[in-house]
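Here's the structure, in structure tokens; my notes come after.
Nothing fancy with the numbering, it's 1 onward along the sequence. Values reported hereafter were calculated over all heavy atoms of this structure, with side chains retained and with hydrogens, waters and symmetry mates removed. Counting starts at 1 for both ligands and their atoms, in listed order.
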Amino acid sequence: MRTGHLSGWPPRSEALPSPDLGQIIRSRAAALGFDQVRFCDAADAPGVDHYDAFIEAGRHASMDWMVRGRSPRAHPGELLPGLRSAVVLSVAHCWPRPPDPGGLFGKVASYAWGRDYHNLVGKRLRRFCKQLRSERPGLGLYWGVDSRPIIERAWAERAGIGFIGKNCCVIVPGKGSYQFLAVLLVDQDLPHDPPLLSAARHCGTCRRCLDICPTNAFVGPHQLDARRCISYLSIEHRGPIPVELRAGMGRWVFGCDLCQEVCPHNHTPPTSAHTDLAPRPGHAWLDLPWVLDTPASALLAHFEGSPIRRSVSSSLKRNAAIVLGNLGDPDARPCLERAAAGLDPTVRDAAEWALAAL
Ligand code: B12
Ligand code: SF4
Ligand code: SF4
């Protein structure tokens with residue numbers, strides 16, 4: 001029974017937050033260039049029901065690591081014994097898209113125009129942990145950016161970094177969705193920041209993202225089937241892309257931003273402060289005949305330190321051939337014929353399809 005405001009509230013069982021550590025974390029995060037840093041409770045993991053529904057319906061496509069990594073996502077204490085709080089961080093990556101060169105060029109999703117965020121953010125997080133441990137020896141920490149078994153969008157929503165739009169993306173009010181997320185699990189109590197209002201309040205009756213998707217990848221609001229998403233098909237999927245989805249790829253040669261481009265929350269986002277994430281020359285629009293004709297070793301060298309390196313070279317050439325088929329320009333015929341005579345069966349298949357489409 002509560003005995004009064006002074007003696008009984010807040011409940012002692014929650015343990016008193018450690019404001020000093022919170023302040024240290026906030027100031028270090030800001031100094032390292034994180035745009036937002038917010039704290040939330042980690043007594044249980046958010047988003048697990050949605051995650052389970054996603055996996056059960058097979059929407060993870062060939063990403064079997066999502067099935068294997070279910071347990072730590074649902075029980076993050078497996079990642080960090082004594083887990084108490086999560087620190088959620090964001091890094092804005094919005095830069096104006098360089099002008100369309102026209103001709104035989106394909107479009108790259110904006111997250112991949114600059115330096116690979118896994119390296120950039122990962123390096124900052126490592127430095128962050130080192131600094132925090134030197135301030136607080138013995139502090140238990142576990143960090144993740146993209147590749148660790150943490151449902152980052154759900155943690156970001158819980159900590160109030162943004163809200164999850166119908167396009168599944170975490171949208172920061174006033175700043176848009178072109179944001180990288182990172183999570184740092186901590187074995188100490190921190191003062192929690194509140195989540196924002198519910199997604200429905202921010203999307204309202206809008207459904208532009210759902211309607212624009214050229215491959216109908218949205219099963220419904222907040223629910224995406226990766227098997228149909230151009231981002232998955234062009235980056236993660238190996239082997240031939242299902243024929244019925246190729247036309248929908250349009251000009252997207254690596255990733256897809258359509259469901260973000262149409263979002264009113266992205267109409268005038270502030271330009272990112274991170275110059276490492278600015279478009280590198282020749283990375284926002286790819287010269288497709290060059291991609292097809294260039295040997296893998298040279299492509300790897302060209303995309304050193306870029307997320308695009310992930311698709312080099314079979315998948316990138318496959319995508320380039322499909323986009324050339326979609327562009328329908330007969331000038332693409334010579335490079336497609338060379339690709340159709342090559343050794344890689346996936347690239348050959350895509351080039352033959354494109355030649356037939358011209
Ligand atoms: C696998 C993966 C993908 C897959 C699947 C995407 C997906 N929507 O699930 C593919 C390859 C398709 C993909 C694409 C992209 N990705 Co990705 N991806 C991931 C990864 C590694 C795991 C995501 C995951 O667990 N998906 C499973 C579903 C269930 O989770 P979720 O989308 O996070 O879902 C939450 C909401 O959608 C919501 N929800 C789900 N169903 C429902 C139903 C209802 C009714 C409600 C209310 C809510 C709700 O709850 C879920 C959990 O809370 C994360 C990094 C990470 N470790 O989390 C990056 C991540 C989500 N991706 C990211 C990015 C940038 C992209 C792309 C924009 C890249 C691009 N331009 O091509 C696209 C966006 C596509 C889209 N509209 O979602 C960023 C997103 C940043 C942001 N602001 O949201 C992340 C966080 C990486 C990072 N560290 O920055 N991605
Ligand atoms: S990223 Fe592109 S393909 Fe994937 S859901 Fe969004 S609009 Fe559809
Ligand atoms: S396009 Fe509309 S429905 Fe989709 S996320 Fe943005 S506001 Fe929400």
Side-chain angles (χ1 to χ4, degrees), residues 45-57 59-63 65-66 69-70 72-73 88-94 107-113 117-118 121-122 144-158 161-173 175-183 198-237 245 248-250 252 254-267 307 310:
V48 181
D49 288 354
H50 295 313
Y51 191 87
D52 286 344
F54 180 83
I55 298 293
E56 202 159 305
R59 293 181 196 142
H60 57 291
S62 68
M63 297 180 287
W65 46 267
M66 296 188 82
R70 192 263 176 198
R73 283 176 171 85
V88 188
L89 305 132
S90 66
V91 173
H93 66 84
C94 183
K107 241 177 147 175
V108 174
S110 60
Y111 89 90
W113 294 349
Y117 73 97
H118 300 91
V121 181
V145 51
D146 191 52
S147 56
R148 302 284 179 96
I150 297 172
I151 311 174
E152 292 172 346
R153 283 168 166 166
W155 287 100
E157 186 175 57
R158 179 182 278 181
I161 289 276
F163 67 94
I164 298 180
K166 291 180 189 172
N167 62 4
C168 296
C169 294
V170 169
I171 300 171
V172 180
K175 298 198 172 140
S177 65
Y178 296 113
Q179 311 279 338
F180 295 128
L181 302 174
V183 175
S198 77
R201 303 280 285 273
H202 296 274
C203 286
T205 54
C206 176
R207 42 175 294 127
R208 287 186 203 181
C209 53
L210 309 179
D211 294 339
I212 196 79
C213 179
T215 48
N216 295 316
F218 290 109
V219 181
H222 311 104
Q223 293 174 73
L224 178 140
D225 188 339
R227 289 170 295 197
R228 301 187 67 86
C229 175
I230 296 163
S231 181
Y232 165 78
L233 293 167
S234 61
I235 303 170
E236 305 293 336
H237 178 77
L245 298 175
M249 286 173 66
W252 292 104
F254 185 89
C256 171
D257 278 339
L258 271 178
C259 56
Q260 295 187 91
E261 284 179 354
V262 295
C263 179
H265 292 280
N266 282 332
H267 273 182
R310 188 171 171 79

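Ligand 1 places these atoms under 4.0 Å from at least one heavy atom of R148: 57 (N). Against a heavy-atom cut-off of under 4.0 Å, I230 is close to the following atoms of ligand 2: 3 (S), 4 (Fe). Counting atoms of ligand 2 from 1 in the listed order, those under 4.0 Å from a heavy atom of L224 are 5 (S). Taking every non-hydrogen atom of C259 and a distance limit under 4.0 Å, the qualifying atoms of ligand 1 come out as 77 (N). Residue T215 has at least one heavy-atom neighbour below 4.0 Å for each of these atoms of ligand 2: 3 (S). Annotation for ligand 3: atoms under 4.0 Å from non-hydrogen atoms of K166 are 3 (S), 5 (S), 8 (Fe). For ligand 2, the atoms closer than 4.0 angstrom to any heavy atom of L258 are 7 (S). Proximity to I171 (heavy-atom distance under 4.0 Å) selects the following atoms of ligand 3: 5 (S). Counting the atoms of ligand 2 from 1 in the order shown, those under 4.0 Å from a heavy atom of C213 are 3 (S), 5 (S), 7 (S), 8 (Fe). For ligand 1, the atoms lying closer than 4.0 Å to a non-hydrogen atom of C169 are 84 (O).
Contacts of N167 with ligand 2, taken as heavy-atom pairs under 4.0 Å, are absent altogether. Under 4.0 Å from ligand 2, not a single heavy atom of Y232 appears. With a 4.0 Å heavy-atom cut-off, ligand 1 is reached by the backbone of I150 but not by any atom from C-beta on. Counting heavy atoms under 4.0 Å from ligand 1, residue S177 touches it through the backbone alone. In N167, the part holding a heavy atom less than 4.0 Å from any atom of ligand 1 is the backbone. Contacts of D257 with ligand 2, taken as heavy-atom pairs under 4.0 Å, are absent altogether. Counting heavy atoms closer than 4.0 Å to ligand 1, residue Y117 contributes side-chain atoms (C-beta onward) but none from N, CA, C or O.
Here CG of D225 is found 10.0 Å from OH of Y232. Values are rounded to the nearest 0.5 Å. Expressed to the nearest 0.5 Å, how far CG of N167 lies from CG of L224 amounts to 9.5 Å. Distance check, rounded to the nearest 0.5 Å: CG of L258 to OG of S231 gives 11.5 Å. Taken from SG in C169 to NE2 in H222, the straight-line distance is 11.0 Å, to the nearest 0.5 Å. The SG atom of C213 sits 8.0 Å away from the CZ atom of R228 when rounded to the nearest 0.5 Å. M63 CE to I55 CD1: the interatomic distance, rounded to the nearest 0.5 Å, is 8.0 Å.
Among the atoms of C256, an N, O or S atom is found under 2.8 Å from atom 2 (Fe) of ligand 2.
Remark: ligand 1 and S231 share an N or O pair separated by less than 3.5 Å (distance only, no angle test). Considering backbone and side-chain N/O atoms, Q179 comes within less than 3.5 Å of an N/O atom of ligand 1. Of the polar atoms of D146, at least one N or O is found under 3.5 Å from an N or O of ligand 1, judged by distance alone. Where the criterion is an N or O separation shorter than 3.5 Å, residue side chain and backbone included, V170 meets it with respect to ligand 1. Residue-to-ligand polar distances keep R73 apart from ligand 1: every N/O pair is separated by 3.5 Å or more. Considering both main-chain and side-chain atoms, H222 comes within under 3.5 Å of ligand 1 through a nitrogen or oxygen pair. Below 3.5 Å of separation, one finds no N or O of F180 facing any N or O of ligand 1. For ligand 1, the polar-atom distance check finds an N/O of C256 within less than 3.5 Å of one of the ligand's N/O atoms. Between R153 and ligand 1, at least one N/O pair is under 3.5 Å apart.
Contact check for P221 versus L210: side-chain heavy atoms found under the 4.5 Å cut-off. Counting heavy atoms from C-beta on, the side chains of Q179 and C94 never come closer than 4.5 Å. Within the 4.5 Å cutoff, no side-chain heavy atoms of M249 are placed close to those of T215. Put simply, the side chain of I150 reaches to within 4.5 Å of the side chain of W155, judged on heavy atoms.
When each of E157, E152, R153 is paired with V170, the side-chain contact (heavy atoms from CB on, under 4.5 Å) condition holds for R153 and for no other.
At least one heavy atom of Q260 sits less than 4.0 Å from an atom of ligand 1. F218 counts as a contact of ligand 2, since one of its heavy atoms falls under 4.0 Å from the ligand. The shell of residues lying under 4.0 angstrom from ligand 1, judged by heavy atoms, includes M66. Under a 4.0 Å heavy-atom criterion, E157 is not in contact with ligand 1.
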Practice item. List the steps and the verdict of side-chain contact (heavy atoms from CB on, under 4.5 Å) for K166 and R208. Key: CA-CA 9 Å; K166 291 180 189 172; R208 287 186 203 181; over 6 Å; no
Check your understanding: Would R73 and Y51 count as a side-chain contact (heavy atoms from CB on, under 4.5 Å) if you check the C-alpha gap in whole Å, the side-chain angles of each, and the deciding distance to 0.1 Å?
Key -> CA-CA 9 Å; R73 283 176 171 85; Y51 191 87; 3.2 Å; yes
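Atom 6 (Fe) of ligand 3 has C263 SG, 2.4 Å as its closest protein atom, hydrogens excluded (heavy atom only). At the top of the distance list for atom 4 (Fe) of ligand 3, counting protein heavy atoms only, stands C209 SG, 2.3 Å. Protein heavy atom at the shortest distance from atom 3 (S) of ligand 3 is C206 O, 3.1 Å. Nearest protein neighbour of atom 8 (Fe) of ligand 3, counting heavy atoms only, is C203 SG, 2.3 Å. Nearest non-hydrogen protein atom to atom 7 (S) of ligand 3 is H265 CD2, 3.6 Å.
Other residues, nucleotides and ligands contribute at most 12 non-hydrogen atoms within 6.0 Å of the NZ atom of K175.
No donor-acceptor pair closer than 3.5 Å links the side chain of R59 to the backbone N or O of F54. Using a distance-only test at 3.5 Å, with no hydrogens or angles considered, no donor-acceptor pair links the side chain of R310 to the main chain of I235. Put simply, the side chain of S234 gets close to the backbone of G255: a donor and an acceptor are under 3.5 Å apart. With hydrogens and angles disregarded, no donor-acceptor distance shorter than 3.5 Å links the side chain of W252 to the backbone of A109.
For H93 and F180, the gap between ring centers is short of 6.0 Å.
In this pair, H265 and F163 present their aromatic rings perpendicular. The plane angle is above 60°, beyond the 30 to 60° band.
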